[in-house]
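Everything below concerns the one structure shown next.
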Amino acid sequence: MIPAIEVHDLTVAYREKPALWDVDLAVPTGSLMAIVGPNGAGKTTLLKSILGLIPAVAGNVFIHGEPFHSGRRRVAYVPQKSSVDWDFPTTVFDLVRMGTYGRLGWFRRPGAAERDATATALRRVGLGDLGDRQIGQLSGGQQQRAFLARALVQDADVYALDEPLQGVDAVTERAVMEILRDLRNAGKTIIAVHHDLHTVPAYFDSVTLLNVKVIASGKVGEAFTPENLKLAYGDAAR
Ligand SMILES: Nc1ncnc2c1ncn2[C@@H]1O[C@H](COP(=O)(O)OP(=O)(O)OP(=O)(O)O)[C@@H](O)[C@H]1O
Ligand SMILES: [Mg+2]
């Protein structure tokens, strides 16, 4: 089967210094994959490259076999929390409904179907009552849920999430993981940057260890070894 995401020989640099060096990666369709590595390892850069948001020095990305400029509409993205402007004046409902714009094309305005999909996604993430709030008035965990809802209404094939569990409480963490597992069980592919190494085996079926280069990638049982962790994190890894 064609992998959901294929990355070939990808090198990305900001100014001179490479953030990703010669990255090869295949994410099988239907995986729930963690991307782990130390701060500055290039995890966010990898997600943005997969989405075509930053230019590569070299290399290619394919989404379900298509070059990313045609395949990337099939990818939903939840950005890292710190990168979002929460003062942007918009309601939670409108933020989530923006996720439907990709499938509408240029000329159609969102209508009843998009409103329903938005309301359903808000309920699914437990924000059914908060649609009218300004996004800046949500708690951190609620903001993460709102971005997850926006990704859900995109009805994508691939979900790329940058630290979806950052700063959320145990209840939200369980709720988010349950949604990600449901997506996987529906045949979707999920890659999520994840910082808590202890929960990798419980939450994910596969893992990529990244530190500018790919250290290892595959099933958690094979790739998530103490040796590979040491290569990715240095001696600080426990
Ligand atoms: N816009 C930018 N301009 C210049 N350098 C950048 C830019 N964005 C990231 N970098 C650098 O590229 C490297 C990789 O950054 P990236 O954000 O991908 O790391 P990360 O693995 O997501 O880290 P974290 O765990 O802290 O989120 C870092 O050294 C970072 O300083
Ligand atoms: Mg990051």
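We count ligands from 1, going down the list as the structure has it; atoms in each ligand are counted the same way. Since the model is a prediction, treat every value here as computed from it, not as a measurement.
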Just checking, is any N or O donor in the side chain of [X] or [Y] under 3.5 Å from an acceptor N or O on the other one?
X	Y	answer
Ser31	Arg184	no
Glu163	His195	yes
His194	Thr199	yes
Asp162	Thr44	yes

For [atom], what's the nearest protein heavy-atom neighbour? Residue, atom name and distance, please.
atom	value
atom 23 (O) of ligand 1	Gly40 N, 2.9 Å
atom 17 (O) of ligand 1	Thr44 CB, 3.7 Å
atom 25 (O) of ligand 1	Lys43 NZ, 2.7 Å
atom 26 (O) of ligand 1	Asn39 ND2, 3.1 Å
atom 4 (C) of ligand 1	Tyr14 CB, 3.3 Å
atom 27 (O) of ligand 1	Gln80 NE2, 3.1 Å
atom 18 (O) of ligand 1	Thr45 OG1, 2.5 Å

Quiz item: Which pair of heavy atoms, one from Asp24 and one from His8, lies closest together, and at what distance?
Solution: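 Nearest pair, atom of Asp24 first, then His8: OD1-CA, 3.4 Å.
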Exercise. Answer yes when Arg150 and Asp94 have at least one side-chain N-carboxylate O distance shorter than 4.0 Å, and no when they do not.
Key: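 Salt bridge: no.
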Flag side-chain contact, heavy atom, 4.5 Å: [X] against [Y]:
X	Y	answer
Val168	Val176	no
Arg74	Val158	no
Asn60	Leu10	no
Leu25	Thr208	yes

Practice problem: Using distance alone, decide if ligand 1 has a nitrogen or oxygen within less than 3.5 Å of any nitrogen or oxygen in Arg15. | Solution: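 No; the residue has no nitrogen or oxygen that sits under 3.5 Å from a nitrogen or oxygen of the ligand.
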Practice problem: Please confirm whether Gly42 comes under 4.0 Å of ligand 1, counting heavy atoms of the residue only. | Solution: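 Gly42 counts as a contact of ligand 1 under the 4.0 Å cut-off.
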Self-check item: Ligand-side contact atoms (ligand 1) for residue partner Glu163, heavy atom cut-off under 4.0 Å
Solution: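 Here the atoms of ligand 1 in question are 25 (O), 27 (O).
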Quiz item: Going by the order shown, which atoms of ligand 1 are within less than 4.0 Å of some heavy atom of His195?
Solution: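 Counting atoms of ligand 1 from 1, those under 4.0 Å from His195 are 25 (O).
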Quiz prompt | Asn185 atom CG, over 12 foreign heavy atoms within 6.0 Å | solution =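 Yes, because the 6.0 Å sphere around CG of Asn185 holds more than 12 heavy atoms from other groups.
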Quiz prompt | Enclosure of Tyr14 OH (heavy-atom neighbours >12, cutoff 6.0 Å) | solution =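 Correct, the count exceeds 12.
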Quiz item: Do you see a protein non-hydrogen atom under 4.0 Å from atom 31 (O) of ligand 1?
Solution: no
Quiz item: Ignoring water, what protein N, O or S atoms are under 2.8 Å from the Mg ion (ligand 2)?
Solution: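 Short answer, with waters excluded from the count: Thr44 OG1, Gln80 OE1.
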